[in-house]
Amino acid sequence: MGFRDDIRKLCFELRAIPGRDFEIRPYTVKVVLRQWSGDEPGQGVETVTSIDITESDGQPPKVRWLTDEEIAVGGYDQSTVEVGPITPSFPGGGTLITTLGQDPPPNTLFDFVLTGPQYPDGAIYRLKALHSDKTFQYRAVLERAR
């Protein structure tokens, strides 16, 4: 492992502490990937895959509702959340950026399911923006699907 991967591993482990030691990460985040064998959604055979977004020890990432100012400036819905920081992939852990829906193939749909105090049965969210401009973290801005 190189220096960058060593730092990512450290970030991965540190980001688990709030959930594991203090139980302050009440929301789980799951990506539900729906892919069809045809060229477009709905064409051909559908395959559904679920992937939990976690940090070390299976701990969920931070989920934060945007402030009124962020909603106004970004033109987002009131239900918009930011998920992250999420540790990028490294040997032994992290999350691939493709798992979060960056540049999906045309025959693929990504849904994010948030489950926690406000949504005990889960709520479906869609990717609005993905911030991947930093070496040691991704942040996904998700808007509730209507």
Side-chain angles (χ1 to χ4, degrees), residues 4-5 8-68 70-146:
R4 180 175 41 193
D5 289 334
R8 285 181 177 172
K9 181 179 183 202
L10 179 62
C11 291
F12 187 66
E13 292 170 3
L14 290 173
R15 289 179 179 138
I17 292 171
R20 185 189 58 230
D21 297 348
F22 302 107
E23 299 177 4
I24 57 173
R25 296 284 188 254
Y27 286 90
T28 61
V29 181
K30 179 184 303 189
V31 176
V32 178
L33 175 71
R34 296 170 42 208
Q35 191 166 29
W36 286 266
S37 59
D39 293 335
E40 300 287 329
Q43 294 179 347
V45 177
E46 180 183 21
T47 304
V48 179
T49 307
S50 292
I51 303 165
D52 292 323
I53 303 301
T54 61
E55 295 297 323
S56 182
D57 298 327
Q59 292 300 309
K62 180 179 181 179
V63 174
R64 177 183 74 82
W65 268 256
L66 298 186
T67 65
D68 289 340
E70 290 170 312
I71 289 168
V73 171
Y76 298 127
D77 183 82
Q78 283 294 111
S79 64
T80 305
V81 299
E82 180 183 73
V83 177
I86 300 167
T87 306
S89 180
F90 64 92
T95 301
L96 292 169
I97 195 161
T98 54
T99 301
L100 300 173
Q102 177 166 332
D103 300 325
N107 66 340
T108 305
L109 295 177
F110 285 80
D111 288 329
F112 292 78
V113 179
L114 268 63
T115 305
Q118 189 168 337
Y119 307 118
D121 297 325
I124 298 174
Y125 275 74
R126 298 267 161 74
L127 184 66
K128 190 73 172 173
L130 181 58
H131 303 287
S132 60
D133 57 337
K134 298 196 174 157
T135 305
F136 304 113
Q137 65 177 290
Y138 302 139
R139 291 183 185 271
V141 178
L142 308 177
E143 199 168 78
R144 182 121 189 239
R146 297 279 173 228

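Numbers for residues simply follow the sequence, beginning at 1.
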Sorted by chain and residue number, the side chain to side chain contact (heavy atoms under 4.5 Å, CB included) partners of Asn107 (sequence neighbours excluded) come out as Gln35, Pro105
Pairwise distance NZ(Lys30) to CD1(Ile53) - rounded to 0.5 angstrom: 11.0 Å
Are Leu100 and Phe112 close enough, and set up right, to give a side-chain contact (heavy atoms from CB on, under 4.5 Å), and what steps lead you there? CA-CA 9 Å; Leu100 300 173; Phe112 292 78; 4.2 Å; yes
For residues Val113 and Gly122, report the shortest heavy-atom separation together with the two atoms involved. CG1-CA, 4.1 Å
Dump the intermediate steps for side-chain contact (heavy atoms from CB on, under 4.5 Å) on Asp111 and Arg126, then the final yes or no. CA-CA 5 Å; Asp111 288 329; Arg126 298 267 161 74; 2.4 Å; yes
Output the distance between atom CZ (Arg25) and atom CZ (Arg15), rounded to the nearest 0.5 Å. 10.0 Å
Around atom CZ of Arg4, are there more than 12 heavy atoms of other residues, nucleotides or ligands at under 6.0 Å? no
From Leu142 CG over to Leu130 CG, what is the distance, rounded to the nearest 0.5 angstrom? 9.0 Å
Please give me the minimum heavy-atom distance between Glu46 and Val48, naming the atom from each residue. OE2-CG2, 3.8 Å
Counting C-beta onward and ignoring hydrogens, is there a side-chain heavy-atom pair between Ile24 and Lys62 closer than 4.5 Å? no
Heavy atoms only: give me the nearest Ser56-Ala16 pair and the separation to one decimal. O-CB, 3.2 Å
Looking at Asp133, I want to see if its CG is surrounded by more than 12 non-hydrogen atoms of other residues, nucleotides or ligands under 6.0 Å. yes
Sub-3.5 Å donor-acceptor pair from the side chain of Ser37 to the main-chain atoms of Gly44, do we have one? no
How far apart are the closest heavy atoms of Arg144 and Tyr119, and which atoms are they? NH1-CE2, 3.3 Å
Give a yes or no answer on whether the side chain of Tyr27 reaches the backbone of Gln118 with a donor-acceptor pair at less than 3.5 Å. yes
Where the side chain of Arg8 meets the backbone of Thr135, is there a donor-acceptor pair that is under 3.5 Å apart? yes
Between the CD1 atom in Ile86 and the OG1 atom in Thr95, the distance rounded to the nearest 0.5 Å is 6.0 Å
Measuring from atom CD of Glu82 to atom OH of Tyr76, what distance do you get when rounded to the nearest 0.5 angstrom? 9.0 Å
For the atom pair CD (Gln59) and CD (Glu23), what is the distance rounded to the nearest 0.5 Å? 9.0 Å
Checking side-chain contact (heavy atoms from CB on, under 4.5 Å) against Tyr138, which of Ser89, Pro61, Pro88, Pro85 comes through? Pro88
Which of Ile51, Thr49, Leu33 passes side-chain contact (heavy atoms from CB on, under 4.5 Å) with Thr99? It is Ile51
Donor-acceptor check, side chain of Asp77 to backbone of Ser79, threshold 3.5 angstrom: yes or no? yes
Derivation of the side-chain contact (heavy atoms from CB on, under 4.5 Å) call for Gln78 and Asp68: CA-CA 8 Å; Gln78 283 294 111; Asp68 289 340; 4.0 Å; yes
Do Glu55 side-chain atoms and Leu14 backbone N/O form a donor-acceptor pair below 3.5 Å? no
Search all heavy atoms of Pro106 against all heavy atoms of Pro41 and return the closest pair with its distance. O-CD, 3.1 Å
How far apart are the closest heavy atoms of Pro120 and Pro117, and which atoms are they? CD-O, 3.7 Å
